[in-house]
Amino acid sequence: MTRHEDFVLPVGTALDRFISRHQEQFPYATGELSQLLRDIALAGKIVNREINRAGLLNITGNFGNQNIQGEEQQKLDVIANVRFIRALRNGGEVCGIISEEEDELIDTGNMEGKYVVAIDPLDGSSNIDVNVSIGTIFSIYRRTSPVGTPVTWQDFQQYGTKQVASGYLLYGSSTMLVYTTGHGVNGFTYEPSLGEFILSHADMKMPKDAKSYSVNEGNYYDFPEEVREYLDNCKKNRFSARYIGSLVADFHRNLLKGGIYLYPPTQKAPEGKLRLMYEAHALAFIAEQAGGKATDGKRRILDILPSSLHQRVPLYIGSENMVIEIMELLKEKVLV
Ligand code: AHM
Ligand code: MG
């Protein structure tokens, strides 16, 4: 006889409940970090709504402005930036924010806030207007200056190992929130009809090895020789090339299926293109928590101390053995 339970599948755990249940694992466990994660999730839902309707609202295309890094701002870049900053400021837990879209650090005015956040509100600019996956990346630190005083740059100038949480939202074929607080990585899929993120990928682990690589190979002739050698090996071994051009989407695929993402230095971008504070640190924390690795070719990404807000860094991130292989090749160069 069929029992009702057999075909009424459980929906799963909602993000709010998951956060509350695991709150005691959070450093300091006072509830503020939980609230901060909820604020980010809420802003993510709003940005998700805007992205889904972008074609109808005349919010695709160029904003007519450049950010400090000389990149054209898209309207959706600006919208996402406003949404996240507003949510973090209103939430009250955050005293300062660094954003890819802001020249200087933002003092939220919440001097009692214990946390600072570095964020890329909408990553994958080239894909915004063409209906390809984009994302948000965030990194959360405990401030180092005393609570009750204005935020300073030193509050942000911390090793990646000091992150208390990091994560990303992926606006893809479904919308997901993936984050870590240093106790593994969990992924939540947005259920629009409920307006909830539901736990769908518990304790995510990245395969140690894979046969897939993600890189803008159009830059091949600009890459260091060792990187070219690595890519040649990938091809000799008939690996699959998978490059979306949205870091979050490429990283997410590699997290689930295994693979390596590379953004080496090029002539145009001798320090690499990606930003240490709100791209590399955040994803490196997740990669390591999922059993993967992240390096700039010489150093573990999490061991790099930022020297400026929008600092760039070469990035090799993904399945452990693949990252080790490219590290070995690059290390040989240093020795000769
Ligand atoms: P953005 O933060 O301005 O969007 O730039 C970062 C993006 C990454 O999402 C992506 O992996 C990379 O830049 C793509 O760069 P390229 O077009 O040089 O391949
Ligand atoms: Mg970005």
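In this chain, residues are counted from 1 in sequence order. Start at 1 and go down the list; that is how both ligands and their atoms are numbered.
Ligand 1 has no nitrogen or oxygen under 3.5 angstrom from a nitrogen or oxygen of Asp250. Taking any N or O of Val248, backbone or side chain, none lies under 3.5 Å from an N or O belonging to ligand 1. Residue-to-ligand polar distances keep Asn219 apart from ligand 1: every N/O pair is separated by 3.5 Å or more. For ligand 1, one of its N or O atoms has an N or O atom of Leu247 under 3.5 Å away.
Its N, O or S atom nearest to the Mg ion (ligand 2) is what matters here, and for Asp123 that atom is OD1. Closest approach between the Mg ion (ligand 2) and any N/O/S atom of Asp120 involves OD2. The Mg ion (ligand 2) sits nearest to atom OE2 when only the N, O or S atoms of Glu279 are considered.
Comparing Asp123, Asn216, Asp77 against atom 16 (P) of ligand 1, the shortest heavy-atom distance belongs to Asn216.
Contacts between Asp120 and ligand 1 below 4.0 angstrom, taking non-hydrogen atoms only, involve the side chain exclusively. Contacts between Leu274 and ligand 1, counted as non-hydrogen atom pairs separated by less than 4.0 Å, involve the side chain only.
Cluster annotation: Ile326 is connected to Tyr221 through the hydrophobic network of ILVMFWY side chains, with a link wherever side-chain heavy atoms come within less than 4.5 Å. Following chains of ILVMFWY side-chain contacts shorter than 4.5 Å, one cannot reach Phe285 starting from Ile119, and the two form parts of different hydrophobic clusters. Under the 4.5 Å side-chain contact rule for hydrophobic residues, Ile79 and Leu169 share a cluster.
Screening Tyr190, Phe188, Phe18 for a ring pair (Phe, Tyr, Trp, His ring centres under 6.0 Å) involving Phe197 leaves a single residue, Tyr190.
Taking 4.5 Å as the limit, every side-chain heavy atom of Leu199 sits out of range of all side-chain heavy atoms of Leu15. Between His201 and Asn186 there is no side-chain heavy-atom pair separated by less than 4.5 Å. Proximity of Ile301 to Leu276: side-chain heavy atoms (C-beta onward) are separated by under 4.5 Å at one or more points. Inter-residue side-chain proximity for Thr108 and Ile97 is flagged as met; some heavy-atom pair is nearer than 4.5 Å. The closest side-chain heavy-atom distance from Pro264 to Val215 is below 4.5 Å. A 4.5 Å side-chain heavy-atom check between Ile19 and Tyr179 finds at least one atom pair inside the cut-off.
Distances below 4.0 Å separate heavy atoms of Ser125 from the following atoms of ligand 1: 1 (P), 3 (O), 4 (O). Atoms of ligand 1 lying under 4.0 Å from any heavy atom of Ser246, numbered from 1 in the order shown and given with element: 9 (O), 11 (O). Close contacts of ligand 1 with Arg275, meaning ligand atoms under 4.0 Å from a residue heavy atom, involve 1 (P), 2 (O), 3 (O), 5 (O), 6 (C). Residue Glu279 has at least one heavy-atom neighbour below 4.0 Å for each of these atoms of ligand 1: 2 (O), 6 (C). Ligand-side atoms of ligand 1 in range of Gly124: 4 (O), 9 (O), range being under 4.0 angstrom from any heavy atom. With ligand atoms numbered from 1 in the order given, ligand 1 contributes 1 (P), 2 (O), 3 (O) to contacts under 4.0 Å with heavy atoms of Glu100. Every atom of ligand 1 with a heavy atom of Tyr243 under 4.0 Å away is listed here by number and element: 11 (O), 12 (C), 14 (C), 15 (O), 16 (P), 19 (O).
Ligand 1 has Gly245 within reach: a non-hydrogen atom of the residue lies less than 4.0 Å from it.
Remark: the backbone N or O of Ala282 is paired with a side-chain donor or acceptor of Ser166 at under 3.5 angstrom.
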